[in-house]
**Q** 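Pasting in a structure now, in structure tokens, and then I'll have a few things to ask.
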Amino acid sequence: MLSRIRNLLGPAPSAPQSAVPDGQRVYAVGDIHGRADLFAVLIEAIEADHRQRGGGESLVVLLGDLVDRGPDSAGVLRLAREWRAARPLRALMGNHEEMFLDAFTKEDVLRHFLRHGGRETVLSYPVDPKVYGEATLPETQAIMRAVVPAEDLAFMQAMEEMIRVGDYLFVHAGIRPGLPLEQQRAGDLRWIRETFTTSTEDLGMTVVYGHTIYDEVELAPSRIGIDTGAYASGQLTALGLEGTERWVIQTSTDGDTITVSQRSLS
């Protein structure tokens, strides 16, 4: 009986697809983690894509974790600052920026930071590896204060917690399902994993996030994960959004060269 009623009524209407407001375009960039080489090529690819689509108003959102693990965090921050000077760009604070900033004053955080990619970050600045290797924690903090430019610190300190554009919410790690946006905690926005990534709850929006590494873009009903592990995989991912259209731009290492690929995301 129920099946006959469903046949008479026809298929249930699908939920409307998320969209950004008319006349706007957004490019979200996943976790860069010190891969300035991939980031530099991705910047060029995004700007070329923007021109090919007719220019107009567009926003770049960096999803956080620009630093640590990869070889050139200093170069990534410099590129991000230069890009922001040339176009609308907003950046989210990731858990690694949080650790980096706290490491300047908290030795316990510094110890954790250095074990999770911070060593590579410090050495991406003009630091003698031998001096670094012999430094105590307080001496390492003094080294960091001496070599990290004020512009890099100001850029990270100004990073945001979340960004909403139309039906899309951009965060670093995710949100706690069932909790209104105004009640979300910074710790969850920067650190949450399984509670968010395994949830099947309708979040009422599409959340675009990094932090959790996937082999390819993770497309789920209420979320899109675009951290493809650039520091280890050699693949950095950006998501383009316009109206209800979605597309992916990726830069990848291929031997000694970096290639660019692009595809539509259903």
Side-chain angles (χ1 to χ4, degrees), residues 28-39 42 60-81 83-84 89-125 127 132 137 140-141 143-145 147-163 170-175 184-194 196-197 207-214 225-238:
V29 179
D31 303 30
I32 304 167
H33 273 308
R35 290 301 302 263
D37 54 345
L38 294 171
F39 187 38
L42 186 63
V60 168
V61 176
L62 306 181
L63 294 183
D65 279 9
L66 282 66
V67 302
D68 295 354
R69 302 193 188 278
D72 194 7
S73 292
V76 170
L77 289 171
R78 184 187 68 252
L79 286 168
R81 289 191 288 103
W83 203 13
R84 186 180 62 177
L89 181 148
R90 297 168 70 179
L92 295 163
M93 182 174 290
N95 57 306
H96 283 263
E97 283 81 30
E98 179 186 86
M99 286 192 294
F100 190 14
L101 291 171
D102 286 346
F104 282 84
T105 56
K106 300 175 182 178
E107 287 187 20
D108 58 332
V109 176
L110 175 61
R111 188 179 291 107
H112 186 75
F113 167 70
L114 296 176
R115 285 200 301 264
H116 293 85
R119 174 185 181 276
E120 290 81 1
T121 296
V122 174
L123 292 176
S124 71
Y125 292 96
V127 176
Y132 167 83
L137 290 178
T140 299
Q141 288 175 324
I143 290 169
M144 290 164 57
R145 295 187 193 103
V147 300
V148 178
E151 295 87 351
D152 285 2
L153 293 175
F155 183 86
M156 289 186 287
Q157 289 164 346
M159 287 175 164
E160 302 177 61
E161 303 287 3
M162 64 175 76
I163 297 168
F170 302 89
V171 295
H172 173 63
I175 62 174
Q184 294 288 331
R185 294 171 295 189
D188 285 334
L189 297 172
R190 298 174 193 166
W191 291 88
I192 199 168
R193 288 195 194 274
E194 285 79 9
F196 167 71
T197 60
V207 180
V208 179
Y209 64 101
H211 188 62
T212 297
I213 296 175
Y214 301 101
I226 62 170
D227 179 4
T228 47
Y231 74 93
S233 69
Q235 180 169 269
L236 178 61
T237 297

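Side chains are part of it too, since the values below use all heavy atoms of this structure and drop only hydrogens, waters and symmetry mates. Computed from a predicted model, the values in this text were never measured in an experiment.
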**Q** Are any non-hydrogen side-chain atoms of L110 and M144 less than 4.5 angstrom apart?
**A**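 Yes, side chains in contact.
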**Q** With a 4.5 Å cut-off on side-chain heavy atoms, are F39 and L62 touching?
**A**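 With C-beta onward as the side chain, the pair touches.
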**Q** Between CG of D188 and CD1 of I175, what distance do you get to the nearest 0.5 Å?
**A**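 Answer for the CG-CD1 pair, D188 versus I175, is 10.0 Å.
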**Q** If you apply the rule side chain to side chain contact (heavy atoms under 4.5 Å, CB included), what do you find for L101 with Q157, and how did you get there?
**A** CA-CA 8 Å; L101 291 171; Q157 289 164 346; 4.0 Å; yes
**Q** Got a second to check how far L92's CG is from D31's CG, nearest 0.5 Å?
**A**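 Result: 10.5 Å between the selected atoms.
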**Q** To the nearest 0.5 Å, tell me how far L89 CG sits from R81 CZ.
**A**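 Spacing of CG (L89) from CZ (R81) equals 12.5 Å.
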**Q** Using every non-hydrogen atom in the two residues, find where A91 and F155 come nearest and quote the distance to one decimal.
**A**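 Shortest heavy-atom separation between A91 and F155 comes out as CB-CZ, 4.1 Å.
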**Q** Any Lys/Arg nitrogen of D108 or K106 sitting under 4.0 Å from an Asp/Glu carboxylate oxygen of the other?
**A**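 Salt bridge between D108 and K106, a charged N being under 4.0 Å from a carboxylate O: no.
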**Q** State the CG-CG distance between L114 and L123, to the nearest 0.5 angstrom.
**A**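 It comes to 9.5 Å.
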**Q** Any side-chain heavy atom of V122 sitting closer than 4.5 Å to one from F113?
**A**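 Of all side-chain heavy-atom pairs linking F113 with V122, at least one is under 4.5 Å.
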**Q** Rounded to the nearest 0.5 Å, how far apart are CD1 of I192 and CD of Q184?
**A**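 That separation rounds to 7.5 Å.
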**Q** Does R69 make a cation-pi contact with Y231, if we ask for NZ or CZ under 6.0 Å from the ring centre and within 45° of the axis?
**A**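 Yes, R69 lies over the aromatic ring of Y231.
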**Q** Mind checking the CG-CD spacing from D152 to E97? Nearest 0.5 Å is all I need.
**A**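 The distance works out to 11.0 Å.
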**Q** Using side-chain heavy atoms (C-beta onward) and a distance below 4.5 Å, is T212 in contact with F196?
**A**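 The answer is no; the side chains never approach within 4.5 Å.
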**Q** Look at the side chain of H33 and the backbone N and O of L66, then say whether any donor-acceptor pair between them is shorter than 3.5 Å.
**A**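 Answer holds: no.
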**Q** Can you name the nearest heavy-atom pair linking L63 to G210, along with the distance?
**A**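 L63 and G210 have their closest heavy atoms at CD1-N, 3.9 Å.
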**Q** Considering non-hydrogen atoms only, spot the tightest contact between S73 and V67 and give its length.
**A**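 Minimum heavy-atom contact is OG-CA, 3.3 Å.
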**Q** Taking all heavy atoms of V109 and all of A103, pick out the closest pair and write down the distance.
**A**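 Reported closest heavy-atom pair: CG1-N, 3.9 Å.
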**Q** Going by the rule side-chain contact (heavy atoms from CB on, under 4.5 Å), which residues pair with R90 if we only count those two or more places apart in sequence or in a different chain?
**A**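 With sequence neighbours excluded, R90 shows a side-chain contact (heavy atoms from CB on, under 4.5 Å) to L59, E160, I163, given in chain and number order.
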**Q** Give a yes or no on whether the backbone of A74 and the side-chain of S124 come within a donor-acceptor separation of less than 3.5 Å.
**A**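 Yes; at least one donor-acceptor contact below 3.5 Å.
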**Q** Using 30° and 60° as the class boundaries, would you call the ring planes of H211 and H172 parallel, tilted or perpendicular?
**A**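 Aromatic pair H211/H172 classed perpendicular.
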**Q** Is there a donor-acceptor contact under 3.5 Å from the side chain of E161 to the main chain of M93?
**A**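 Flag not set: sc E161 to bb M93 has no pair under 3.5 Å.
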**Q** Which pair of heavy atoms, one from T228 and one from T237, lies closest together, and at what distance?
**A**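 For T228 and T237, the tightest heavy-atom pair comes out as OG1-OG1, 2.8 Å.
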**Q** Which atom pair, heavy atoms only, marks the closest approach of P149 to Y125?
**A**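 Scanning both residues, the minimum pair turns out to be CD-CE2, 3.4 Å.
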